[in-house]
Amino acid sequence: MKTKAVLELADVKTIAAAAEAEALKNNWAVTIAIVDDGGHLLHLQRLDGAAAISAHIAPAKANTAALGRRESKVYEDIINGGRTSFLSVPTIHGMLEGGLPIVKDGQCIGAVGVSGVKSTEDAQVARAGIAAIGL
């Protein structure tokens, strides 16, 4: 039987704080969502000035990254590459860049989704959060 790491509350708080710091450093009004490996919401934070819709998009990006075990940008690229039928995939709603899986020892243990600025900047905020726990 395999064993797998899991996100603990302290990890979630560390990721959230680092992601928030990255967003604030760049004056980006974003929403930050953190989910477990099943895509279940563990943390949601909408910074001042972030659009209301970002509170729906960030968790969707995180959920997509966790369930797919890959960056949500992969799905955006598939669709932009012409495979529009991929839009019909069930359960996957956040197929835009900005959702990143949290991977430890080759296993997805959760994901971070960010929404509110350019997709590359959303991903930058998510990466900063994940880096804070050494991954």
Hey, could you give me the CD/CG distance between Glu121 and Asn26, rounded to the nearest 0.5 Å? 7.5 Å
I need the full list of salt bridge (charged side-chain N to carboxylate O under 4.0 Å, His left out) pairs touching residues 27-51, with sequence neighbours left out, sorted by first then second residue. Lys4-Asp37
Inter-residue atom distance Ile102.CD1 - Leu135.CG, 0.5 Å rounding: 7.5 Å
Between Ala111 and Pro101, what is the shortest heavy-atom contact and its length? CB-CA, 3.9 Å
Rounded to the nearest 0.5 Å, what separates atom CG in Leu47 from atom CD1 in Ile32? 5.0 Å
Among Lys61, Arg70, Arg83, Glu97, which one satisfies side-chain contact (heavy atoms from CB on, under 4.5 Å) with Tyr75? Arg70
Approximate separation, where rounding is to 0.5 Å, of Lys73 NZ and Asp77 CG: 3.5 Å
State, to 0.1 Å, how close Val112 and Ala62 come at their nearest heavy-atom pair, and which atoms those are. C-CB, 3.8 Å
Closest heavy-atom contact between Ser54 and Ala50? OG-CB, 3.7 Å
Enter the distance from Glu8:CD to Ile133:CD1 here, rounded to the nearest 0.5 Å. 10.5 Å
Taking Leu42 as the fixed residue, which of Leu9, Leu7, Val35 is the one that meets the side-chain contact (heavy atoms from CB on, under 4.5 Å) rule? Leu7
Look at the side chain of Ser119 and the backbone N and O of Gly98, then say whether any donor-acceptor pair between them is shorter than 3.5 Å. no
In chain order, what residues pass the salt bridge (charged side-chain N to carboxylate O under 4.0 Å, His left out) check against Glu22, with sequence neighbours excluded? Lys25
